[in-house]
Amino acid sequence: MEHRVAITGMGAVTPLGNNARDTWEAMKEGVCGIGPITHFDTEAFKVKVAAEVKGFDAVELLGKQDAAHQDPYVQFALVASDEAMADSGLDAEGAIDHERLGVYVGSGVGGIQAYTDNVHTIAARGPRRASPFMITMMIANMASGSIAIRHKALGPTLPVVTACATSAHAVGEAFRAIKHGYADAILAGGAEAAIMPDSIAGFTSCRALTTNPDPATACRPFDADRDGFVMGEGACVLVLEEWEHAVARGAHIYAEVVGYGNTDDAYHITSPDPEAGGITRAIRQAVEEGGVRPEEGLYINAHGTSTKLNDATETRGFKMALGEEAARAAHISSTKSMTGHMIGATGAVEAMACALALQEGVVPPTINYRTPDEACDLDYTPNEAVECPLAWALSTNLGFGGHNAALAFRAVERS
């Protein structure tokens with residue numbers, strides 16, 4: 001027996017706000033979360049801007065112990081999970097059988113800040129000065145593990161690590177687990193905190209990041225003058241829940257998850273396949289599983305990284321997967337133009353945007369768009385949000401290693 005899957009809770013910590021509602025309102029307003037890097041001195045770096053989380057006080061939100069013993073990526077994930085559980089109502093006594101509650105939260109990079117801090121300490125002061133929490137702070141499964149401990153989730157629990165597609169795959173795999181009866185609800189998403197010297201240096205050396213120092217033009221997806229992505233950080237956790245379980249307890253349902261595609265380009269360690277075969281197949285898988293009918297009103301939250309290769313490849317993939325006419329009729333946007341590229345958190349944030357776009361009938365914009373590109377010739381919702389009837393949404397994400405993920409959502413009929 002297959003089960004329908006609802007989204008009943010959301011939590012987020014992003015460069016646009018430290019909760020889901022503030023993040024969504026900022027998206028609709030076209031607020032830019034990008035600014036000069038403040039986490040470290042960038043004098044020796046080509047890259048000067050990033051999309052940092054602002055005003056996040058881990059001690060106030062989590063207490064001294066978790067603030068001291070968890071890498072920032074886990075701190076972000078814990079706060080987002082608290083919000084998502086409260087939003088869903090599953091934190092109430094007896095709301096769910098905890099043996100049927102799982103956690104699928106990943107990270108593209110993991111605890112890189114804790115790792116590098118300890119490496120520098122060991123180099124300067126010797127191996128005996130390594131923190132006893134070094135290993136637990138650096139490993140990429142600790143967001144899932146810590147959330148499970150915090151919320152007594154005794155069901156299926158795992159991390160996903162597929163670089164920039166991480167949390168899209170986490171949501172997709174959680175969808176499959178609930179659809180096929182392995183859980184009643186799963187906290188799904190991702191977290192990242194990699195705005196620090198070592199990772200910025202590495203991403204700069206592989207020519208992925210923009211060196212444009214102007215926050216207002218650094219991230220401009222699908223624009224002809226785009227030249228690289230902007231690093232972001234934060235977390236997003238969604239509560240996916242079996243439909244009848246949600247209805248029975250009177251939960252608010254934001255949207256229904258209806259399809260998921262998971263493919264690989266098998267082409268290159270960083271570059272997407274310019275023929276767009278992998279992302280095309282992922283989109284087709286999600287569309288076919290979900291029964292998506294684009295003519296009824298379709299929003300696509302594109303991966304839209306603001307790199308030359310990604311944006312052109314995605315555009316080609318939309319046309320190949322949906323057909324030229326449907327691709328041109330779709331409302332497309334890249335919210336990375338506002339949040340930056342949150343790596344392991346980005347897919348979940350964009351899935352959240354899809355669900356809220358369907359609920360409110362609002363397509364958030366692609367900001368900073370000025371100059372059209374012949375290779376990117378679809379409707380990218382430039383600079384201002386658009387109100388329109390929407391029945392379906394797709395979210396696409398591509399990751400280093402050739403990973404592709406596509407998620408399909410359906411609007412909820414409301415009386």
For [Y], does its backbone N or O pair with a side-chain atom of [X] as donor and acceptor, under 3.5 Å?
X    : Y    : answer
S271 : H268 : no
K319 : A326 : no
S107 : A191 : yes
T157 : G102 : no
D227 : T307 : no
T14  : T23  : no
R220 : T217 : yes
T381 : P365 : no
N383 : Y369 : yes
E2   : K179 : no

If we ignore angles and hydrogens, is there a donor and acceptor under 3.5 Å between the side chains of [X] and [Y]?
X    : Y    : answer
S144 : N141 : no
Y73  : Q113 : no
Q75  : D66  : no
D91  : H151 : no
S337 : T366 : no
E256 : W243 : no
S167 : Y104 : no
N301 : T335 : yes
E314 : N310 : yes

How long is the gap from [atom1] on [X] to [atom2] on [Y], to the nearest 0.5 Å?
X    : Y    : atom1 : atom2 : value
C164 : H169 : SG    : NE2   : 11.5 Å
K28  : E360 : NZ    : CD    : 4.0 Å
C236 : M352 : SG    : CE    : 5.0 Å
I332 : D379 : CD1   : CG    : 7.0 Å
N404 : Q285 : CG    : CD    : 9.5 Å

Residues two or more places apart in sequence or in another chain: which of them pass salt bridge (charged side-chain N to carboxylate O under 4.0 Å, His left out) with D373?
->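 Residues passing salt bridge (charged side-chain N to carboxylate O under 4.0 Å, His left out) with D373: R226.
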Partners of D225 by salt bridge (charged side-chain N to carboxylate O under 4.0 Å, His left out), sequence neighbours excluded?
->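 Salt bridge (charged side-chain N to carboxylate O under 4.0 Å, His left out) list for D225, sorted by chain: empty.
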Check whether any side-chain heavy atom of [X] sits under 4.5 Å from a side-chain heavy atom of [Y], and report yes or no.
X    : Y    : answer
V239 : I7   : no
T396 : I279 : yes
D71  : M142 : no
L356 : L358 : no
H39  : M196 : no
T210 : V230 : yes
K48  : P36  : no
T346 : T166 : no

Walk me through it: do F229 and L209 pass the test side chain to side chain contact (heavy atoms under 4.5 Å, CB included)?
-> CA-CA 5 Å; F229 75 78; L209 298 178; 3.1 Å; yes
Does K46 NZ have over 12 foreign heavy atoms under 6.0 Å away?
->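 Not more than 12 within 6.0 Å, no.
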Is it the case that more than 12 heavy atoms not belonging to R328 sit under 6.0 Å from its CZ atom?
-> yes
Anything under 30° is parallel, anything over 60° is perpendicular, the rest tilted; go ahead and classify F222 against Y380.
-> parallel
Can we say [X] and [Y] salt-bridge, meaning some charged N sits less than 4.0 Å from an Asp/Glu carboxylate O?
X    : Y    : result
E241 : R249 : yes
R4   : E244 : no
R316 : E275 : yes

With ring-ring contact (aromatic ring centres under 6.0 Å, His included) as the test, would you mind laying out the steps for H180 and Y182 before giving the verdict?
-> CA-CA 6 Å; H180 295 294; Y182 294 102; 7.3 Å; no
Among I195, I200, T42, whose side chain to side chain contact (heavy atoms under 4.5 Å, CB included) with V47 holds?
->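 So, applying the side chain to side chain contact (heavy atoms under 4.5 Å, CB included) to V47 and each of I195, I200, T42, only I200 qualifies.
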Pick from I96, V237, I147, L90: which one makes a side chain to side chain contact (heavy atoms under 4.5 Å, CB included) with M85?
->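 Output: one option passes, namely L90.
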Between F409 and Y299, does the ring centre distance come in under 6.0 Å?
->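 No, the ring of F409 stays outside the 6.0 Å limit from the ring of Y299, centre to centre.
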Establish, yes or no, whether a centroid distance under 6.0 Å links the rings of H341 and H303.
->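 Aromatic pair counts; centres sit under 6.0 Å.
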Using the test side-chain hydrogen bond (donor to acceptor under 3.5 Å, both in side chains), find all partners of S131 that sit at least two apart in sequence or belong to another chain.
->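 Result, side-chain hydrogen bond (donor to acceptor under 3.5 Å, both in side chains) vs S131: none returned.
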